[in-house]
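Note on naming: letters A, B, ... go to the chains in the order of the sequence lines (proteins, then strands), and numbering restarts at 1 for each one.
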There are 2 protein chains.
Amino acid sequence: MPDRDTKATVRNITDLARLAGVSPGTVSRALAGKSLVNTQTREKIQRLAREHGFRPNQMASGLRRQKTGVIGVVIPLGHDSRQQISDSFFMTLLGFLADELTRHGYDLMLRRVVPETDADWLDRFIGSGMIDGVIVIGQSDQFDRIEEVADGYTPMVVWGNHAEGQRHCVVGSDNRLGGRLAAERLIAAGARRIAFLGDTTAIEFAARLAGAQDVAARMGLPPVLALPTHLSPDRASEEIAGHLAAHAGEIDGIFAATDTLAALCLTELRRQEIAVPDTVRLVGFDDLPIARQTVPPLTTVRQDIAAGARGLVDLLLRRLAGETTESLVLPPELVVRETA
Amino acid sequence: MPDRDTKATVRNITDLARLAGVSPGTVSRALAGKSLVNTQTREKIQRLAREHGFRPNQMASGLRRQKTGVIGVVIPLGHDSRQQISDSFFMTLLGFLADELTRHGYDLMLRRVVPETDADWLDRFIGSGMIDGVIVIGQSDQFDRIEEVADGYTPMVVWGNHAEGQRHCVVGSDNRLGGRLAAERLIAAGARRIAFLGDTTAIEFAARLAGAQDVAARMGLPPVLALPTHLSPDRASEEIAGHLAAHAGEIDGIFAATDTLAALCLTELRRQEIAVPDTVRLVGFDDLPIARQTVPPLTTVRQDIAAGARGLVDLLLRRLAGETTESLVLPPELVVRETA
DNA sequence: AGGAATCTTGCAAACGTTTGCAAATGACGT
DNA sequence: ACGTCATTTGCAAACGTTTGCAAGATTCCT
């Protein structure tokens, strides 16, 4: 730390300009690394900035340039407020998103909202002027709201389910196909009477169930039994226990909407001393790290979270550049382990 | 949507002022809900704003008021780049932080940084002018850097370990005490030769190990064997397998720095057909949801994540208000299940 | 009625950058 | 010596808010 220079603190570009003996404009250009400014003066200015630990104020810059370098990421806690707090799928996706955005020089502003208590959660975020674009993680039960907004606001990409003819740009797995894969595996492992564990007001989950129904119908089996289950671990455990008690002996295959749910279900099955996969077969969804660690290890349908994050960011950036982009549907993949 | 009013889009406060027939200043005051403006005009302006979906630009507001309403949250990926991406402890903490900050009307700006490749990660964030304060999640191996910054920048709170006489304000569990609890339990369950699984360049983990050493020494047992282990699941599995192979028969108790590590260790023990807790006792740390779901369920040391998040936000807000605050050390709690 | 006190409003100057435009400087060719 | 051209700089006007100050309007008191 040079002592004699530190006496004057440099608060803004003008201070630095005075110090360097040039005008603020020149400093701005020098710091931005523009070629219009003489190499020597530019280096001098940059050195001075470094010595004084000065960085241009992003707010002011953002205001002037009408772009902030920040992407908003919003997680709607729609159907089940306490849901995602523990859902490692969303959190892992968030982690990858953060990395991917940083890689492209963007910052990430995170917001969790409860649409029920706050109708214009999305407009407020967009209208704040703080973000250049927005990524919505999970449609929850807000499909219509998102569609409306998409009509007037382009730089938005959503993680979720793709429906024919929808207007907002979405990235997500082919949930229906995933559901089919799961059901096919359950049946191949000997199941005839399948149940689905999950909250179907979330359309991703509804699509997974629909996929399973496709297969059941095609194979001439009775329709899949939908057992509504919340995602928060505390409630889920009880609910699953209840479901199992109510339908004991009746069902011989379970498709859980999520690995988290599947793991919970597995411990419950163990508690009730129901043999897996001999008496009941079980398939999860996501292929989270936990799927390898259950006993026995969980057969599941894999979503490539990293690819999802890359897709979200890539599409958003293209939209920011003015392109119009199609949705991106990723293929899920069956991972056979030992529960089915 | 009223049609005749929507013809003119309202881009800023001045547009709205023209529409309402008042000056921009009045609009600003009306939207801020200040009492200085006549009730009727205020309501008229607010109605107009609602009808046109207008919201004041946060960048401009932030610039003028010299505060942004945004808190930065930074996760240094120090000793092990790929670490926290899957570490549900940090992610859960982040979730609670988001909720807690929203509750106080703040937004959250998330940044993950790699200090090795980017020496002034912290100054850059602070100097950006985008955030009113910063929460650092995990000291990683950046203790000194954080200390330096703390000298010149008050609105910062750090999640991590507390050391005697440190200058930055920290919130975290008493890791050393937690380590003691873990070791005591292992010994009570019959262990005599204890190993520690974790990367001790992270000072939180070092403190946990130190706590365990305290107990070993006090009880006249051989010192705890430190087995360096990375946190990323792929590397960890191999490393744990290697450790177990190298010290088979030698150790009869394992203290894992993290539940994630403990779960991994448990599956590895099962693979090597080592009986838990009969041959080897195991204690984890954190009490993440996974701890209830392992087979057998994991004995662990609980950290109250929600309380941690509340503490971080509370202290930061007090510091923003000008108070000087002490660090907050939370008591960990032993949760006895079946692995020790 | 006159003056003080209270409410409301408008004016204009910030906040710290960026950038189009024009001016200054110097090099170079004729 | 003059004009042309390229390079480097400065000027000043934005970007959209907020807010101290003062002025205008209204009420109230004596």
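Direction of the helix axis in the helix from C/dA1-D/dT30 to C/dT30-D/dA1 shifts by 50° between the two five-pair termini, rounded to 10°.
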Heavy-atom protein contacts under 4.0 Å, nucleotides 17-22 of chain D, coded B base, S sugar-phosphate only, - none: BBBB--
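Rounded to an integer number of Å, the gap from B/Gln40 CD to D/dT26 P is 13 Å. B/Arg42 has its CZ atom 13 Å from the P atom of C/dC7, to the nearest Å. Summarising the geometry, the separation between CG on A/Asn38 and P on D/dT7 is reported as 12 Å, rounded to the nearest angstrom. B/Leu36 places its CG atom 19 Å from the P atom of D/dA25, with the value rounded to the nearest Å. Atoms CZ (B/Arg18) and C1' (C/dG10) sit 16 Å apart, rounded to a whole Å.
For the residue pair B/Arg319 and B/Thr325, a side-chain donor N or O sits within less than 3.5 Å of a side-chain acceptor on the partner.
Other residues, nucleotides and ligands contribute only 12 or fewer heavy atoms inside 6.0 Å of the CD atom of B/Glu326. The number of heavy-atom neighbours closer than 6.0 Å to CD of B/Glu323, taken from other residues, nucleotides and ligands shown, is above 12.
In this model, the phosphate group of C/dT9 is approached by a side-chain N or O of B/Thr41 to a distance below 4.0 Å at OP1 or OP2. Listed pair B/Gln66 / C/dA14 fails the phosphate criterion, with no side-chain N or O lying under 4.0 Å from OP1 or OP2.
Residues forming a salt bridge (Lys or Arg N to Asp or Glu O under 4.0 Å) with B/Arg55 (at least two apart in sequence, or on another chain): A/Asp120. Judged as a salt bridge (Lys or Arg N to Asp or Glu O under 4.0 Å), and not counting sequence neighbours, the contacts of A/Arg111 are B/Asp107.
Between atom SG of residue B/Cys169 and atom CD1 of residue B/Ile146 there is a gap of 12.0 Å, rounded to the nearest 0.5 Å.
The pair B/Glu43-B/Arg47 does not count as a salt bridge, with every side-chain nitrogen at least 4.0 angstrom from each carboxylate oxygen. Between B/Glu147 and B/Arg167, at least one side-chain N (NZ, or NE/NH1/NH2) sits under 4.0 Å from a carboxylate O, which counts as a salt bridge. Of the charged side-chain nitrogens involved, at least one lies within less than 4.0 Å of a carboxylate oxygen, so that A/Asp314 and A/Arg318 count as a salt-bridged pair.
For residues 116-148 of chain B, every residue pair satisfying the ring pair (Phe, Tyr, Trp, His ring centres under 6.0 Å) rule, not counting sequence neighbours, is listed here: B/Phe143-B/His168.
Considering only heavy atoms from C-beta on, B/Met130 comes within 4.5 Å of A/Val70 through its side chain.
Near DNA chain C, meaning a heavy atom under 4.0 Å from it, residues 120-131 of chain B has no residue at all.
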